[in-house]
There are 2 protein chains.
Amino acid sequence: MELRHLRYFLAVAEERHFTRAAERVGIQQPPLSLQIKQLEEELGTPLFVRHSRGVDLTEAGTTFVEEARQLLERVEQAKTHIQRLSRGEAGRIRIGFAGATYFEPAVPALIRDYRARYPDVQLQPQQSNTAELVQALIDGSVDAAFVHTPIGSAPELACLPLVDEAMLLALPANHPLSEEAAVPLSALADDTFILLPRDISPGLYDRLIVAFQQAGFMPKLGLEAPQIVSIVPMVAAGFGVSLVPRAVSQIDTPGVRYLSIAGVAPRAPIGLAYREDAGSAALRQFISLAEAGASTHDAADSPER
Amino acid sequence: MELRHLRYFLAVAEERHFTRAAERVGIQQPPLSLQIKQLEEELGTPLFVRHSRGVDLTEAGTTFVEEARQLLERVEQAKTHIQRLSRGEAGRIRIGFAGATYFEPAVPALIRDYRARYPDVQLQPQQSNTAELVQALIDGSVDAAFVHTPIGSAPELACLPLVDEAMLLALPANHPLSEEAAVPLSALADDTFILLPRDISPGLYDRLIVAFQQAGFMPKLGLEAPQIVSIVPMVAAGFGVSLVPRAVSQIDTPGVRYLSIAGVAPRAPIGLAYREDAGSAALRQFISLAEAGASTHDAADSPER
DNA sequence: ACATTCCATATCTTTTATGTATGTTTTGAA
DNA sequence: TTCAAAACATACATAAAAGATATGGAATGT
């Protein structure tokens with residue numbers, strides 16, 4: 001049995017007339033008769049009763065009309081589904097967000113734009129840290145991730161730089177310098193710093209170390225924060241000072257002051273990482289939307305990984 | 001697109017290897033490659049990524065595996081459904097029961113047998129009277145009906161005689177003759193008779209009239225019962241006496257006595273009526289089961305309509 | 001570097017779907 | 001009753017498409 005048989009059968013069933021049905025499906029009556037005969041033989045039962053003024057459906061035929069119609073409909077649905085998938089208009093993207101990347105306005109803006117343009121693609125967000133997300137990208141459990149760059153040498157991963165803003169100092173409100181507008185990093189040489197463990201985001205961590213070296217001191221390290229956002233309450237509680245991406249300053253916690261760093265400030269670049277062999281069309285659309293957005297307002301940094 | 005494309009596609013998707021898949025579907029590799037290519041062109045997207053050690057599914061391909069599998073499965077289901085229908089193993093029969101026919105043991109016995117043999121055929125019972133059922137058979141709203149024969153001249157209807165039992169007298173318990181074993185009909189010449197209107201079951205009615213004529217009197221007619229079963233309570237209430245099919249005597253109502261008729265008793269034959277052009281295979285099976293049953297214990301009457 | 005694996009391409013063959021011509025049956029009208 | 005028309009079936013021819021065979025080319029591992 002082939003779909004052709006179903007198409008021809010439906011035409012005859014609807015016209016109740018071989019000759020007209022043949023015309024409708026664009027062939028002659030005798031081949032149509034043959035095709036129907038084949039179908040009836042395969043099913044083992046007549047589908048039509050032929051009489052001299054056209055045909056009627058048998059009981060089996062009547063039932064088969066429904067079956068055939070639904071089948072052909074589902075074939076069409078499957079076709080358009082696949083086509084939409086291949087155009088990136090349907091499907092699913094699992095997106096990871098590292099640390100505080102979601103606070104960077106460009107990130108939710110991109111998500112919003114994408115959803116507006118591709119409402120039928122399901123977005124599955126996932127909160128984690130850069131290191132874990134890189135692993136998830138490699139093993140395929142996440143399709144794209146907003147991470148702190150550089151992400152190191154992952155051969156199959158690409159990374160599109162999105163934003164690159166200077167970091168801010170986070171001081172407790174009762175810190176002697178907390179009312180200043182901007183402070184050089186060296187002014188905090190005697191303070192205790194709250195940092196993330198290097199594992200969580202090696203790129204970010206190493207930038208800070210470089211910044212400390214340039215400022216001419218190695219800081220006292222206090223508690224380690226499990227994630228960027230938890231640095232803020234720890235500073236508020238007086239456990240020490242810290243350096244945070246600008247976006248984190250949106251978390252307006254009482255007892256914390258955010259200060260610009262005078263001189264060369266370490267930067268906290270955010271990139272969109274994904275597997276080079278980006279499988280899904282939806283993902284490719286997402287990435288190209290991100291590229292478009294990045295090239296618009298972006299500038300500054302070189303494409304680093 | 002044809003079902004062939006889906007079958008071939010699934011083979012390749014499962015083997016992840018064109019050559020092996022070709023072997024599995026019984027063709028050579030080059031034509032298989034061509035068919036897959038056709039499919040990909042119709043869908044507008046590649047389904048496989050080819051590399052030198054076989055192939056992998058694309059995102060679209062992965063999704064299409066599910067669709068194709070379900071489609072082919074439904075095709076098979078549709079096929080077996082139609083085949084079962086055509087063998088009378090599935091389907092639906094709308095069966096009418098006239099008056100008290102359902103009390104005749106042969107009738108429920110037939111239904112029981114049929115259901116045991118064809119459990120997947122849905123039986124839709126319908127209670128009515130002979131006249132209405134004949135009409136329902138003609139206009140196609142009922143497929144078969146147990147009726148009181150004869151049903152008169154309905155050109156497209158056939159009628160299979162099933163049972164033909166003598167009728168009984170139904171007397172109120174306080175009737176002077178109620179303790180007799182058998183009474184001739186003429187003994188009730190002065191009683192009031194409760195009968196059905198002739199419309200409901202002309203065959204039965206006319207038999208009674210003939211019986212009265214043979215007994216040498218025309219009875220006083222009292223109330224008309226709307227259906228056979230309601231004769232019983234009317235007799236119990238003392239509105240008169242009546243003649244009922246033997247099966248009705250199973251309704252053991254206090255205040256009613258059933259007596260045999262001495263001499264020639266009118267009979268209440270029951271038949272299974274159906275359209276001569278019996279459409280559904282299930283119905284044909286039902287009828288042949290009825291025929292088999294009838295010929296077994298049946299005898300007596302000539303095939304009347 | 002070479003052999004091997006495996007899919008693609010090119011071309012030929014066979015099958016099968018379709019086209020053309022005609023037959024057969026039914027039905028309605030002359 | 002006969003005849004013509006309608007409509008599906010049958011017979012045969014043709015064209016299209018599926019499939020077979022032979023070969024090429026890219027990737028991979030020895």
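Note on naming: letters A, B, ... go to the chains in the order of the sequence lines (proteins, then strands), and numbering restarts at 1 for each one. Side chains included, hydrogens not; waters and symmetry mates left out as well; all remaining heavy atoms used.
Distances shown here put a side-chain N or O of Gln38(A) below 4.0 Å from the OP1 or OP2 atom of dA17(C). One finds no side-chain N or O of Ser52(A) lying less than 4.0 angstrom from the OP1 or OP2 phosphate oxygen of dT25(C). The side chain of His51(A) places no N or O atom within less than 4.0 Å of a non-bridging phosphate oxygen (OP1 or OP2) of dA6(D).
With a 6.0 Å radius and a threshold of 12 heavy atoms from other residues, nucleotides or ligands, Arg117(A) has its CZ atom at or below the threshold.
dC6(C) atom P lies 21 Å from atom NZ of Lys37(B), rounded to whole Å. Leu32(B) places its CG atom 9 Å from the P atom of dC7(C), with the value rounded to the nearest Å. If you take CG of Leu39(A) and C1' of dA17(C), they are 15 Å apart, rounded to a whole angstrom. Taking atom CD1 on Ile36(A) and atom C1' on dT18(C), their separation rounds to 14 Å, with Å as the unit. One atom, CD of Glu2(B), and another, P of dT18(C), lie 9 Å apart when rounded to the nearest Å. Regarding Gln35(A), its CD atom lies at a distance of 11 Å from the P atom of dG19(C), rounded to whole Å. Taking atom CZ on Arg50(A) and atom C1' on dG23(C), their separation rounds to 17 Å, with Å as the unit.
The Leu34(A) side chain lies nearest to dT18(C) when the options are dT18(C), dT21(D), dG28(C). Closest contact between the side chain of Thr19(A) and the listed nucleotides dA17(C), dG19(D), dA7(D) involves dA7(D). Of all nucleotides listed (dA9(D), dG19(D), dA22(D)), dA22(D) comes nearest to the side chain of Pro30(B). For Ser33(B), the side-chain atoms get nearest to dC7(C) when compared with the rest of dC7(C), dA7(D), dA18(D).
Across all strands, Phe48(A) comes closer than 4.0 Å to no nucleic acid atom at all (heavy-atom distances).
Between atom CD1 of residue Ile27(A) and atom CG of residue Leu32(A) there is a gap of 4.5 Å, rounded to the nearest 0.5 Å. Atom CZ of residue Arg4(A) and atom CD of residue Gln38(A) lie 7.0 Å apart, to the nearest 0.5 angstrom.
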Tell me, with the steps shown, if Glu66(B) and Arg69(B) meet salt bridge (charged side-chain N to carboxylate O under 4.0 Å, His left out).
CA-CA 5 Å; Glu66(B) 275 316 299; Arg69(B) 202 168 271 154; 3.4 Å; yes

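Closest-nucleotide positions on DNA chain C for Val55(B) and Arg53(A) were compared, and the one nearer the 5' end corresponds to Val55(B). Nearest-nucleotide assignment on DNA chain C puts the 5′-proximal partner with Gln29(B), out of Gln29(B) and Arg4(A).
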